[in-house]
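What follows is a single structure, written as structure tokens, with notes after it.
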Amino acid sequence: MVASTATIAAPRVLADLLPASTRARAVARDAVLVLAGAGAVGASAQVAFTIPQISPVPFVLTTFTVLLVGAAFGPLRAALTLGLYLAAGAAGVPWFTEGTSGYAMPTFGYIIGFLAAAVAVGFLAKRGGDRTILKTVGLMVIGNVIMYAFGVPYLAVALDMSASQALDAGMIPFLAGDFVKLVFAALLLPGTWWAVNKFRDQD
């Protein structure tokens, strides 16, 4: 009966599928995931380019990586991963966009938004929000909205912009790219769960 109850437990995130037979191994596994996740976010932040005529905010791959980390890791690991990324980068580790660091930058609000978005996405994914295409689309939309909710007002204050100017510079130019990332994530996450479940059924 105990095994049956465990089987019916709430949906887990993808990272939980990695084996850990003891508490100590689970802690070690999670520590490796947090470090690797922070490194992946930092690496993706180097895939960036800025078009000053359009926006002072760079076009980056980081948003996609952050949302995938949140969905795959769940809320706690995501909080630790993005918390490490934010704290280490603010302290001087050059892994923010294009090798920058510190917090005296107009785009720092987006980095704070990364943390909030990853936790929210992880929370929803832990409850099955990344199992179907439709749910994953909603998951990604929520994550992007949270990032902009932090990044755009911060940008407006830092650069003394009006609300409309901040939206034009800090959100509108990125919506097309967000849509492409959303479609890819909507296929990738449910597809991964499908493959996992198929493999487990055959086991």
Side-chain angles (χ1 to χ4, degrees), residues 37-38 40-73 75 78-125 129-130 135-186 189:
V41 174
S44 67
Q46 310 317 308
V47 183
F49 62 93
T50 304
I51 305 176
Q53 297 84 354
I54 297 177
S55 173
V57 180
F59 292 81
V60 294
L61 188 61
T62 323
T63 54
F64 181 65
T65 309
V66 166
L67 296 177
L68 285 185
V69 165
F73 282 16
L80 294 172
T81 300
L82 274 300
L84 173 61
Y85 175 70
L86 189 157
V93 175
W95 60 2
F96 289 162
T97 302
E98 298 175 323
T100 58
S101 62
Y103 51 85
M105 58 184 73
T107 56
F108 192 71
Y110 292 96
I111 300 172
I112 299 172
F114 291 166
L115 173 57
V119 172
V121 166
F123 178 84
L124 295 172
D130 62 342
K135 286 182 178 180
T136 305
V137 167
L139 196 74
M140 295 296 116
V141 169
I142 289 170
N144 277 288
V145 168
I146 292 173
M147 290 181 193
Y148 288 126
F150 282 86
V152 173
Y154 196 103
L155 185 72
V157 172
L159 297 181
D160 194 23
M161 291 177 167
S162 67
S164 61
Q165 288 174 328
L167 287 170
D168 287 341
M171 186 181 78
I172 303 301
F174 304 95
L175 294 180
D178 290 341
F179 177 76
V180 173
K181 297 171 192 174
L182 182 151
V183 170
F184 189 60
L189 290 169

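All residue numbers in this chain count up from 1 along the given sequence. Values below: every heavy atom of this structure, side chains too, minus hydrogens, waters and symmetry copies.
If you take CZ on Phe108 and CZ on Phe150, they are separated by 12.0 Å, rounding to the nearest 0.5 Å. Note that CG of Leu115 and CE of Met147 are 10.5 Å apart. Values are rounded to the nearest 0.5 Å.
The two residues Ala117 and Gly143 come nearest to each other via the heavy atoms CB-O, 3.4 Å. Taking both residues in full, the closest heavy atoms of Ser101 and Val93 are given as CB-O, 3.3 Å, listed atom of the first, atom of the second, then distance. Residues Ala169 and Val57 share a closest heavy-atom pair of O-CG2, 4.2 Å. The nearest pair of heavy atoms linking Leu139 to Ala71 is CD2-CB, 4.2 Å. Listed here is the closest heavy atom pair of Ile146 and Ala120: CD1-CB, 3.4 Å. Summarising the geometry of Leu155 relative to Pro56, their closest heavy-atom pair is CD1-CG, 4.5 Å, with the distance given to 0.1 Å.
Between Phe96 and Tyr85, the ring planes are perpendicular. Angles over 60° get that label, and only those under 30° would be called parallel.
Pairs of residues two or more places apart, or lying in two chains, that qualify as side chain to side chain donor-acceptor pair (under 3.5 Å) and include a residue from residues 43-69 are Ser44-Thr65, Thr63-Lys181. For residues 110-121, there are no side chain to side chain donor-acceptor pair (under 3.5 Å) pairs, not counting sequence neighbours. Applying the side chain to side chain donor-acceptor pair (under 3.5 Å) definition to pairs two or more places apart or across chains, those involving residues 147-173 are Tyr148-Asp178, Ser162-Ser164, Ser162-Gln165.
Atom CZ of Phe59 has more than 12 neighbouring heavy atoms from other residues, nucleotides or ligands inside a 6.0 Å radius.
At least one side-chain heavy atom of Ile112 sits under 4.5 Å from a side-chain heavy atom of Leu86. For the pair Val66 and Thr81, the minimum side-chain heavy-atom distance is 4.5 Å or more. Residues Thr97 and Thr107 form no side-chain contact, since every pair of their non-hydrogen atoms from C-beta on lies 4.5 Å or further apart. The closest side-chain heavy-atom distance from Val141 to Val145 is below 4.5 Å. Two residues are said to be in side-chain contact when any heavy atoms from C-beta on lie closer than 4.5 Å; Leu67 and Asn144 meet this criterion. Here the side chains of Phe179 and Leu175 are not in contact, with every heavy-atom distance at 4.5 Å or above. By the 4.5 Å heavy-atom criterion applied to side chains, Leu124 and Lys135 are not counted as neighbours.
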